[in-house]
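Report on one structure; see the data block that follows.
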Amino acid sequence: MNFRFQNLLGAPYRGGDAVVAKNTHLISPVGNRIAVTDLLKSQSVTLPIQCSSNVSRLAASPDGAFLLAVDENRRCLFINLPRRAVLHRITFKHPVNALEFSPDGKFIAVGAGKLVQIWRSPGFRKEFFPFELVRTFADCNDKVTSLKWSPDSEYLLVGSKDLTARLFCVRKLKGGYNKPFLFLGHRDSVVGCFFGVEKGTNRVNRVYTLTRDSYIFSWGYSGDVENIGGEEPPAPGTPEQSNESTLEVNVKKRKELDDDEDGVEDGGCLLHRGKWELLRKDSFMQAPARLTSCDYHCGLDLLVVGFSNGVFGLYQMPDFVCIHLLSISKEKITTAVFNELGNWLTFGCAKLGQLLVWEWKSESYILKQQGHYFDVNCLAYSPDSQLLATGADDNKVKVWTVSSGFCFVTFSEHTNAITALHFMANNHCLLSASLDGTVRAWDLFRYRNFRTFTTPSSRQFVSLTADQSSEVICAGTLDSFEIFVWSMKTGRLLDILSGHEGPVHGLMFSPTSAILASSSWDKTVRLWDVFEAKGAVETFPHTHDVLTVVYRPDGKQLACSTLDGQIHFWDPIDGLLMYTIEGRRDIAGGRLATDRRSAANSSSGKYFTTLCYSADGSYIIAGGSSKFICLYDVAEQVLLRRFQITHNLSLDGVLDFLNSKKMTDAGPLDLIDDDDTDTEEGVDRQTRGKLGYDLPGSMPNHGRPIIRTKCLRIAPTGRSFAAATTEGVLVYSTDDTFIFDPTDLDIDVTPEAIDAALSEGSIKRALILSLRLNEDSLIKKCVFAASPEDIPALASSIPFRYLQRLIEAFAGLLENCPHLEFILRWSQEICKAHGQSIQQNSRTLLPALKSLQKAITRMHQDLADTCASNEYMLRYLCSAGTRQKGSP
């Protein structure tokens, strides 16, 4: 029962900043979580950390050890990336629009509303208040849009929505407040501002400012002004302002940056007091599109820009030479960033869920991922648990590799929402059912649709299953209440099963026989003998609509959920009701912003829409229109654990009690959309709430996503399960590292006794003691202590009750152990010695055997790929060895 969150699939990117740490680690926000993608290993993991709402701003420290994440509620997390732990928390008083670490890692610049705040970066040590506010600049007249530190961490370049870029000196100088230098002349808000340096001296000599109306201004530093410490130097482009009286601005400050800052002389070379001139002004020629994202690589002098029409450009500065100008999407590019070396470009499109990493020199993709456009409806695990298929309302079927978290193929032939998926037993064929009236079969070798099953008249399919022999395919309909039966080999329609009086939303074949179980909204579960064509064999009546039905893996039990929040367990052989679980109180939780009643008194959503048995059938997982997933023990009918799938306050239905302060006469404040600034500027806001609900009255809560679980599936190995939720596909896996579960524990069963037995050469006794203690490291130590010729005798001497633990240890060793032949020899001898017992107790050993099969299959695929790519080298080495033996 010790499941923990492992990864989030189906949504690589949902908006916000993307940053690159340590040159190859791409960090991107996914809702209120953070995903880290290793671009070299092609592996993506999601941090087990949740913010209070959707993450909008990210910043990584120069050494890649720390990460700052700010969400839409202005709450900030200071995260240790290697340990994946939250070190500190802070809440800002204003919305954060820009965030950046200084190059030396000592300070953090935050653009909070109109203020620019300089905070001292907290470290590893525990402090009562780790964030220390050093300085605050209040010069901007509108919200801050961009920040950039100088390479020496002495100056800060700030772009604002008041059409101005300002150059601040971060250190406190003598003579009171030092006014920033103003870069004027822009006709739209400043989207980005960057420092340019000389190649040899690494001194700042240029500044680039980019505006929303697709213009770039290049400014050059021409030395100090003669009257340093006197009047402010004239700002370029506005000579009439030089005679105006300047206003003194009160600046809040906490502490000096360093103890010796007061000793800085005014006679030094200060950039903000020097003379800057406008060198050139260039247009990107993308009107009417707006510039939405940009980044500058100081070492290569390269500039990348992204526009609202999906076009991006790469320019060589300072001559403004266009290297690439390409279109990657039709929607707004919300983030564009370089890696440290400058050879890879990262682009993100929030509306389409796209995340791309492109190598501009070779013009090739390093990473190309896109999530589902709408919510995921259905899931299916492959029989070996290595692949996970997802289907969604965007008419697409995606297949993901569970270990890497990457999607490797997308099928888009369906013309309507995908409602059901099913993997065939051979692991190489996937079935999908859709509301477009077709069931399609996909070949995972050639990535093509090799068969399409249709009906005489168009129907909408909502459920799908296939028998164990993969000869018969059945699909249930939403509109005609029928079940259609096809032959997999010929594709012909064999039979139409009629009898239900409501939509057939649940369909499953018995794992051990040819009996088909179906559930419908007509308050019945029916069993059908498909091969004998006898029609409905038996009917199980209920008092409420039946929402879904599942078989236990051994086929001796049937579970179904009803609209009144109950789970019924039936004996399909005798037709008797075995147990009933009342789950209304367990699944209840969360009040929608539009609910008239409280969460405790509301009756909506208090039922299970998806069920799934564990691999051994001892427990069942249930989910529905709620923020909870419930785990029940079947035999005892008790709730073992309840998973809360998210704490994201950006979703509806997470809070149990709404804040009465946010309730007005016009309704909740969260549902009143009064922010039209982006629309007025010509760029529509891209949020998930505007994905298709623009018609008046089409969504009562303005498209704010409602948290729910649409589908649950447990992997055949039993060591993980996946949940299709509003946030994406959440994958939970077992965590055995901190579990102490010994068997037959005695005073003599200790690690010291195991070491003593190994030193005496009694490997058999040491192995049994380690299995009784159930310590993973000790079991592996004893396994490797055996010599190859002793393996058959040791395998036959192991009691059967310890067999499951030993097989699980072999599966773990195969994944990260170089001794492949040694472990395979162990597995072979175990099967020889205990084959009959394994067959008789296949139900209890099935999860462990599936894990071993998964590890062997993965190792076989890796070896096959390696040998295929080095075929001629292997031939040469073999021939060279034989020649050397045959030579005199």
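Computed over heavy atoms, backbone and side chain alike; hydrogens, waters and symmetry mates excluded.
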Residue list, salt bridge (charged side-chain N to carboxylate O under 4.0 Å, His left out) with Asp564, at least two apart or on another chain: none

From [atom1] ([X]) to [atom2] ([Y]), nearest 0.5 Å:
X      : Y      : atom1 : atom2 : result
Leu464 : Leu421 : CG    : CG    : 8.0 Å
Gln370 : Leu352 : CD    : CG    : 5.5 Å
Thr410 : Trp400 : OG1   : CH2   : 7.5 Å
Asn416 : Asn395 : CG    : CG    : 6.0 Å
Leu640 : Cys630 : CG    : SG    : 10.5 Å
Thr477 : His505 : OG1   : NE2   : 9.5 Å

Ring centre gap for Tyr632 and Phe569 strictly below 6.0 Å: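 Centroid separation for Tyr632 and Phe569: 6.0 Å or greater.
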
Ser457: partners by side-chain hydrogen bond (donor to acceptor under 3.5 Å, both in side chains), with sequence neighbours left out: Arg459

Those residues that, when tested against Asp384, pass side-chain hydrogen bond (donor to acceptor under 3.5 Å, both in side chains) (two or more places apart): Ser382, Asn427

Is [X] reaching over with its side chain to a backbone N or O of [Y], donor-acceptor style, under 3.5 angstrom?
X      : Y      : result
Gln6   : Arg4   : no
Asn7   : Val402 : no
Asp467 : Ala514 : no
Thr726 : Ile706 : yes
Ser434 : Thr438 : no
Ser851 : Glu808 : no
Gln386 : Ser403 : no
Arg14  : Asn32  : no
Ser720 : Ala715 : no
Trp486 : Thr454 : yes

Residues which pass side chain to side chain contact (heavy atoms under 4.5 Å, CB included) with Lys523, listed by chain and number, not counting sequence neighbours: Asp545

Residue list, side chain to side chain contact (heavy atoms under 4.5 Å, CB included) with Thr490, at least two apart or on another chain: Ser487, Arg492

Answer whether the closest heavy-atom distance between the side chains of [X] and [Y] falls below 4.5 Å.
X      : Y      : value
Asn449 : Phe411 : no
Ile645 : Ile629 : yes
Phe608 : Thr548 : no
Val409 : Trp442 : no
Thr512 : Lys556 : no
Phe643 : Leu730 : no
Tyr447 : Val399 : no
Tyr579 : Ile567 : no

Criterion side chain to side chain contact (heavy atoms under 4.5 Å, CB included) on Phe531 and Leu494, from CA distance to verdict: CA-CA 10 Å; Phe531 291 94; Leu494 300 178; over 6 Å; no

Any side-chain donor near an acceptor of the partner, Asn648 and Thr646, under 3.5 Å: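 On atom types as modelled, these side chains do not qualify, holding no pair under 3.5 Å.
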
Test item: side-chain donor near acceptor, Lys396 and Ser412, under 3.5 Å: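 There is no such pair between these side chains.
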
Whether Trp570 and His568 hold their rings parallel, tilted or perpendicular, with breakpoints at 30° and 60°: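 Because their plane-to-plane angle lies in the 30° to 60° range, the rings of Trp570 and His568 count as tilted.
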
Counting heavy atoms not belonging to [X], are there more than 12 under 6.0 Å from its [atom1]?
X      : atom1 : result
Glu636 : CD    : no
Arg585 : CZ    : no
His860 : NE2   : no

Within 45° cone and under 6.0 Å: Arg642 NZ/CZ vs Phe628 ring: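 Judged by the rule (NZ or CZ under 6.0 Å from the ring centre, within 45° of its axis), Arg642 counts as positioned above Phe628.
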
NZ or CZ of Arg33 within 45° of Phe5 ring axis and under 6.0 Å: yes

Test log, rule side chain to side chain contact (heavy atoms under 4.5 Å, CB included), inputs Asn377 and Ile418: CA-CA 7 Å; Asn377 288 330; Ile418 314 297; 5.6 Å; no

Positive for side chain to side chain contact (heavy atoms under 4.5 Å, CB included) with Thr419, one of Leu478, Leu435, Asp436: Leu435

Please find the pair of heavy atoms, one from [X] and one from [Y], that lie closest to each other, and give the distance.
X      : Y      : value
Val729 : Ala722 : CG1-CB, 4.1 Å
Pro553 : Ala615 : CG-O, 3.5 Å
Phe453 : Leu431 : CE1-CD2, 4.4 Å
Arg526 : His500 : CD-CE1, 3.4 Å
Thr610 : Arg713 : OG1-NH1, 4.3 Å
Val654 : Gln644 : CG1-NE2, 4.4 Å

Residue pair Phe540, Leu577: steps toward the side chain to side chain contact (heavy atoms under 4.5 Å, CB included) verdict: CA-CA 9 Å; Phe540 301 146; Leu577 181 64; over 6 Å; no

Evaluation steps, side chain to side chain contact (heavy atoms under 4.5 Å, CB included), between Trp528 and Ser518: CA-CA 8 Å; Trp528 313 79; Ser518 63; 2.8 Å; yes

Asp554 and Arg552 ion-paired at < 4.0 Å: yes

Phe406: partners by ring pair (Phe, Tyr, Trp, His ring centres under 6.0 Å), with sequence neighbours left out: none

